[in-house]
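Each chain gets a letter, A, B and so on, in the order the sequences are listed, and its residues count up from 1. In what follows, every heavy atom counts, from backbone to side chain, and hydrogens, waters and symmetry copies are set aside.
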Amino acid sequence: MDKAYQPTEVEDRLYKKWIREKCFLGKIETDKPAYSIVIPPPNVTGVLTMGHVLNNTIQDILARRARQQGKSVLWLPGTDHAGIATQTKVERALKDEGKSRMDLGRENFIDHAKLWRDKHGGIILEQLKKLGCSCDWERNVHTLDEDYSRAVISAFVKLYKKGYVYRGQRMVNWCPSSLTALSDEEVIMKPQESILYKIRYQILETPGAYLEVSTTRPETIVGDVALAIHPDDPRWINLQGKHVMRPINPQAMPIIADEAVEKDFGTGILKITPAHDRLDFEIAQRHDLPMLEILNPDGTLNELAGPDYAGMERFSARKVIADKLREDGNLIEEEKHQNNVGFSERADVPIEPRLSEQWFLKYPRVEEAKKAVKDGHIKFYPKRWEKTYLHWLDNIQDWCISRQLWWGHRIPVWYKKGKMRSDPANWHISEKPPSDIDQWEQDEDVLDTWASSWLWPLATMGWPEEEAMGEKGLDYFYPTSALVTGPDIIFFWVARMIMAGLEFKGRPYKSDKAIPDSEIPERIPFNDVYFTGIIRDEQGRKMSKSLGNSPDPLDLIAKYGADGLRHGIMSIAPKGQDIRFSEERIEQGRNFCNKLWNVSRFRSMSAQLEDNSILELIVLRIQGDVLNEDDQAILLRLVETLDQVEKLYGEYEFNAVLQTIYRFFWNDFCDWYIEASKARVQESASKDTCLAIQDICLRHILLLLHPVTPFITEELWFLLGFANGNSIQGMAPGTGAELLEKLSIGGLQLDTNVLDEMEHIRELVTSMRSLKADRNLSNNREVAFSYVASDEKADILSRHSKSILTTVGGSALNRVDVAPTGMPALVTPFGAIYLDLTVGVDLSAEKARLQKELVNLEKIVQSVKAKLNNQAFTSKAPPEIIEGARHQLLENEAKLNETKEALSALT
RNA sequence: GGACGGCUAGCUCAGUUGGUUAGAGCAACUGGUUUACACCCAGUAGGUCACAGGUUCGAGUCCUGUGUCGUCCA
């Protein structure tokens, strides 16, 4: 074995072996419980980020743990076609060649995009393999696969037939950069420093009188059709029915009254631009005002804006029109103003509210989706996201699902050629095109990407084809066991998958009929949802490509190993909190692996390895009469650790799991047990027993760690002889009770009292080390110690004296009747312990130290005494707390006396 | 404007239903290559638990308010 663990070779070799042995295939084995996870499909052309590392490490931990527990596990991988993102990338590449998608035409463009996808796509999947992800790669799914596409189209048709899908002329969020409509969820509100312009409009009926109106968007004045006031606003009550002159492209416009006007904003008068503002649109509809559309799809002004402005880009037009207003004396005031502006999530440009004909979806199963979470059929971890989820569902708006893109699932709607498209009589909506296809033309649009990925848990498992569902095990693996994702897509994806599952899984219900409660558990797509935190950089900024602050996970893997990266990232991932990334933690992950490697190496160097393939065989090597307190204590701590880990996994407390294992492995096992057993392994009487205990501990440590660090644990599993040819993957660490039972077949009974005793011994050892260290004697093994103690305590000490001296590094531990004079001392659970020094003691420094301790102890004794004398405490506090306080008092009083004695012995 | 979350050692964070003297890792400092590991070991120091009130025998923990940072929704 190498002195330092070398992950690269091990990881590549073992991953190949696991694939070769088909360890990750999700098999339908009805005699076993199923455990399934569907991966949140990354963008097909994306690359691995730290967010993916976190997310997928967690999924892998869950999958591997379930495999250890003997479940039949399916972790289903795949990728998302990511409509806008991918199309944008492909178009950008085309642009570099001087071409546009229009030059290619739809079909050529899609072929081109597919080539692009096949070339750049799937990189991320290879990266996941490097990370060690145990996905069933034979079931890899892409959302544009033929089967998957059929499912998407089928869902659309089903929803249309049930009346959930409709086409309508509506205000939508328009992205002038991507040239498509977006859903509300794809609009990011960002606070912006804008200018609030106060503009005057002349009142026609009262020449010379003006109304002042505030707006941040003066370029839309050319689209104004009215001014509006609140009907209850006393300032403007007599303006109703009068008219004003539009200051740009002068034209008379009515003044109307509408309750939607905000009285307190600006002057309380609102300009109405119906075609370019959602609220204005609603008001205009109520008042039967004309729509004046002055913007082109790309955000430039059109002919209706007038010859002076036509063709001008929207933000230039804003300046030009403001200048014109100023020139004409119609601009009263400009002030800085912070407002929220909606940006396109993908293109990051301000969106334009625009009147447009689109396909909309009225969400199915909203009530049932709420119920599924409220009634606990779906559990969120952490729970507080439930509130966010329910709030969104309570305020849910219809979903604009058509996108003016080519990369995606083309909407299965055909229109009669030459007829009105808005009339449903001229529609053919079906999975199959009409038979007289040349009489029809298909809708040019594609579906929102999320309108395909919301079917992910269903469509990846064969839905809606009966045969495919059987083959892929929909009934066996669905609902999936857990979903692991970020809270940023709770609306985009999580909520929508829940609604899709409720609507489509199982037998159909009419849209006005609720799904019966009894069917909710089998229709929901997953039982648990674990929301990860968002990974931030060391300054707390969100990691992003544009900031360049995200490290490349592959670099980290090369530097620290996949196991090191996984361990590191998991140890800093508190439940539901954002994660501050730090490379130091990844380094710690690597160090952890190295420590594990070395303690295993040490074990293999101590003696020939025995047959370790079955736990019982190891247990039988233990001789009950040789078993000492160290042995008992480490086994008891192992029992505790097994149970704690089990419990913490149930609550998805991953970093607590890691901490628990770390403590047992590093502090209890390496720092204490291994050190203490060094002497005993040298003696033939205790050697076998001691090594057997080491083997039991190592075996369970490997099993506990395997989900987190799969490579090194598998490697050591073989090297330490636990394997007997079999991978660690199918072995469970088991519970504490199971371990106790196995131990009992060797006739071993553990006494939990030794835990306290060992705790005291460890305190003693720490004190003794400290006595030495403070005098720079830590490398001197010839120092002697003396102590004064009762018979009972002396008895314990004599039993442990050997390991105490080994671990402390001392030559003798002598019991004396009276405190020796002039020696430095510390008070321990066993009384005062004296460092036997013949020379060089700084008496005044020793005194000062003991004096300080004395003050501290007196303070504690005082406060506990006061507490016990307080009748309110003794009458109200529970008995065990009072008992604890009494105990504390006795203990500290004893210490106090010892300290006094040690102090007086100094002089 | 509303909702949620954070504020504990220099840094990153634990701290379960209120109950002994508030913990860990990293960093710092001191010492150390003793038959695993310097990717290591031992030791030391470091905290008015954001602030102000309140409930309680007892508050980091519960309640109210304030500040501050962040996220989401308007």
Side-chain angles (χ1 to χ4, degrees), chain A residues 1-5 184-185 188-189 340 382 384-388 391-392 394-395 487-488 490-491 533-534 536 538 540-542 560-561 564 571-574 576-582 584-585 587-606 647-648 651 653 655-656 658-660 662-663 666-667 670-671 674-675 678 681-682 765-781 806-809 856-857 859-861 863-864 866-878 880-889 891-892:
Chain A
M1 283 175 85
D2 286 332
K3 191 170 167 183
Y5 175 57
D184 295 344
E185 287 69 31
I188 313 289
M189 299 308 282
N340 280 319
R384 63 187 153 83
W385 292 110
E386 287 180 4
K387 214 168 168 177
T388 309
H391 182 258
W392 184 74
D394 282 338
N395 297 283
D488 48 335
I490 190 166
F491 313 135
I534 290 167
R536 300 179 173 279
E538 280 166 66
R541 297 173 306 179
K542 214 166 164 174
Y560 303 111
S571 70
I572 50 174
Q577 221 68 295
D578 283 2
I579 294 141
R580 199 68 70 92
F581 179 78
S582 104
E584 275 170 12
R585 301 299 286 262
E587 203 179 315
Q588 282 173 49
R590 177 204 52 186
N591 295 353
F592 184 88
C593 293
N594 191 56
K595 184 81 174 174
L596 181 61
W597 178 261
N598 267 292
V599 78
S600 302
R601 192 163 74 96
F602 182 58
R603 165 62 189 94
S604 69
M605 280 159 48
S606 298
K647 178 169 164 274
L648 290 166
E651 292 152 17
E653 297 272 10
N655 70 330
L658 267 277
Q659 206 180 8
T660 304
Y662 183 101
R663 187 159 289 162
W666 204 302
N667 302 129
C670 293
D671 288 348
I674 289 286
E675 289 308 318
K678 274 178 180 171
V681 170
Q682 298 303 312
V765 165
T766 299
S767 295
M768 290 166 73
R769 282 170 170 167
S770 155
L771 279 172
K772 282 179 68 185
D774 285 350
R775 285 152 201 87
N776 290 341
L777 294 170
S778 43
N779 61 339
N780 186 346
R781 306 186 71 76
T806 317
T807 45
V808 171
N856 185 33
L857 285 166
K859 222 162 66 191
I860 295 168
V861 167
S863 91
V864 182
K867 191 192 266 186
L868 284 168
N869 287 335
N870 181 349
Q871 228 221 308
F873 174 71
T874 47
S875 62
K876 288 184 184 171
E880 65 272 19
I881 296 295
I882 298 171
E883 195 40 53
R886 289 221 175 85
H887 184 74
Q888 188 192 357
L889 180 63
E891 210 166 73
N892 284 292

S.K.: When rounded to the nearest 0.5 angstrom, what is the spacing between CE in A:Met1 and CZ in A:Arg603?
M.R.: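 Rounded to the nearest 0.5 Å, the CE-CZ separation comes to 11.5 Å.
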
S.K.: How many angstroms lie between CZ in A:Phe491 and NE2 in A:His391, if you round to the nearest 0.5 Å?
M.R.: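 If we round to the nearest 0.5 Å, A:Phe491:CZ and A:His391:NE2 are 8.5 Å apart.
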
S.K.: Looking at A:Lys595 and B:C37, is any side-chain donor or acceptor paired with a base atom of the opposite kind under 3.5 Å?
M.R.: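 Yes.
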
S.K.: Using a cut-off of 4.0 Å on non-hydrogen atoms, how would the nucleic acid contact of A:Arg601 be classed: base, sugar-phosphate, or nothing?
M.R.: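 Answer is sugar-phosphate: A:Arg601 comes under 4.0 Å of backbone atoms only.
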
S.K.: It should be established whether A:Lys3 places a side-chain nitrogen or oxygen under 4.0 Å from OP1 or OP2 of nucleotide B:C37.
M.R.: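 True: A:Lys3 side-chain N/O within range (under 4.0 Å) of B:C37 OP1/OP2.
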
S.K.: In terms of the nearest nucleotide of RNA chain B, which residue is placed more toward the 5' end: A:Asn870 or A:Lys678?
M.R.: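 Closer to the 5' end of RNA chain B: A:Lys678.
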
S.K.: Is the distance from OP1 or OP2 of B:A42 to the nearest side-chain N or O of A:Ser770 less than 4.0 Å?
M.R.: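 No, outside the criterion.
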
S.K.: For nucleotides 71-74 of chain B, print each protein N/O atom paired with a nucleotide N/O atom at under 3.5 Å, atom names and distance only.
M.R.:
| unit_1 | atom_1 | unit_2 | atom_2 | d |
| --- | --- | --- | --- | --- |
| B:A74 | N6 | A:Asn340 | ND2 | 2.4 |

S.K.: Contact class for A:Thr766 vs. all strands (heavy atom < 4.0 Å): base, sugar-phosphate, or nothing?
M.R.: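 Since only primed, P, OP1 and OP2 atoms lie under 4.0 Å of A:Thr766, the category is sugar-phosphate.
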
S.K.: What nitrogen or oxygen pairs link the protein and nucleotides 24-28 of chain B at under 3.5 Å?
M.R.:
| unit_1 | atom_1 | unit_2 | atom_2 | d |
| --- | --- | --- | --- | --- |
| B:G25 | O2' | A:Gln588 | OE1 | 2.8 |
| B:G25 | O2' | A:Gln588 | NE2 | 3.3 |
| B:C26 | O2' | A:Glu584 | OE1 | 2.9 |

S.K.: Taking the side chain as every heavy atom from C-beta outward, state whether A:Arg886 and A:Leu868 have any pair of such atoms under 4.5 Å apart.
M.R.: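 Yes. Closest side-chain heavy atoms under 4.5 Å.
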
S.K.: Base, sugar-phosphate or nothing for A:Cys670? Non-hydrogen atoms, less than 4.0 Å.
M.R.: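 Contact class for A:Cys670: base.
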
S.K.: Which one is paired to B:G67, where only Watson-Crick or G-U wobble pairs with both distances under 3.5 angstrom count?
M.R.: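 Answer to the pairing question: B:C7, which forms a Watson-Crick or G-U pair with B:G67.
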
S.K.: Output the distance between atom CZ (A:Arg663) and atom CG (A:Asp671), rounded to the nearest 0.5 Å.
M.R.: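 Reported to 0.5 Å precision, the distance equals 12.5 Å.
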
S.K.: For B:A52 and B:G60, measure between their P atoms and round to the nearest Å.
M.R.: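 It works out to 13 Å between them.
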
S.K.: Is there a Watson-Crick or G-U wobble partner for B:G1 with both distances under 3.5 Å, and which nucleotide is it?
M.R.: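 Partner of B:G1: B:C73.
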
S.K.: Tell which nucleotide pairs with B:U55, taking only Watson-Crick or G-U wobble pairs whose two distances are both under 3.5 angstrom.
M.R.: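 Paired with B:U55, as far as the under-3.5 Å criterion goes, is no nucleotide at all.
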
S.K.: I want to check a possible cation-pi pair here: A:Lys595 against A:Tyr662, using under 6.0 Å from ring centre and within 45° of the ring axis as the test.
M.R.: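 Relative to the ring axis of A:Tyr662, which defines the angle, A:Lys595 lies outside at least one limit.
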
S.K.: Please produce a list of atom pairs where a protein N or O lies less than 3.5 Å from an N or O of nucleotides 17-22 of chain B.
M.R.:
| unit_1 | atom_1 | unit_2 | atom_2 | d |
| --- | --- | --- | --- | --- |
| B:U20 | O3' | A:Gln888 | NE2 | 3.1 |
| B:U20 | O2' | A:Gln888 | OE1 | 3.4 |
| B:U20 | O2' | A:Gln888 | NE2 | 2.4 |
| B:U20 | O2 | A:Gln888 | OE1 | 3.4 |
| B:U21 | OP1 | A:Gln888 | NE2 | 3.4 |
| B:U21 | O4 | A:Asn892 | OD1 | 2.9 |
| B:U21 | O4 | A:Asn892 | ND2 | 3.4 |

S.K.: When you measure from the side-chain N and O atoms of A:Asn591 to the phosphate of B:C40, is any distance below 4.0 Å, counting only OP1 and OP2?
M.R.: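 Yes, such a contact exists.
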
S.K.: Looking at the base of B:A36, is there any donor atom on it, or on the side chain of A:Glu675, that sits under 3.5 Å from an acceptor on the other one?
M.R.: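 Indeed, a donor on one side and an acceptor on the other fall under 3.5 Å apart.
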
S.K.: Which distance, rounded to the nearest 0.5 Å, do you find between the CD1 of A:Ile881 and the OG1 of A:Thr874?
M.R.: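 So the gap between those two atoms works out to 13.5 Å.
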
S.K.: Quick one: does A:Ser770's side chain have a donor or acceptor within less than 3.5 Å of a partner on A:Thr766's backbone?
M.R.: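 Absent.
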
S.K.: Would you indicate whether the side-chain heavy atoms of A:Thr807 and A:Arg769 approach each other to under 4.5 Å?
M.R.: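 Heavy-atom side-chain distance check passes, below 4.5 Å.
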
S.K.: Side-chain contact test, heavy atoms from C-beta onward, threshold under 4.5 Å: evaluate it for A:Lys867 versus A:Leu889 and give yes or no.
M.R.: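 Not in contact.
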
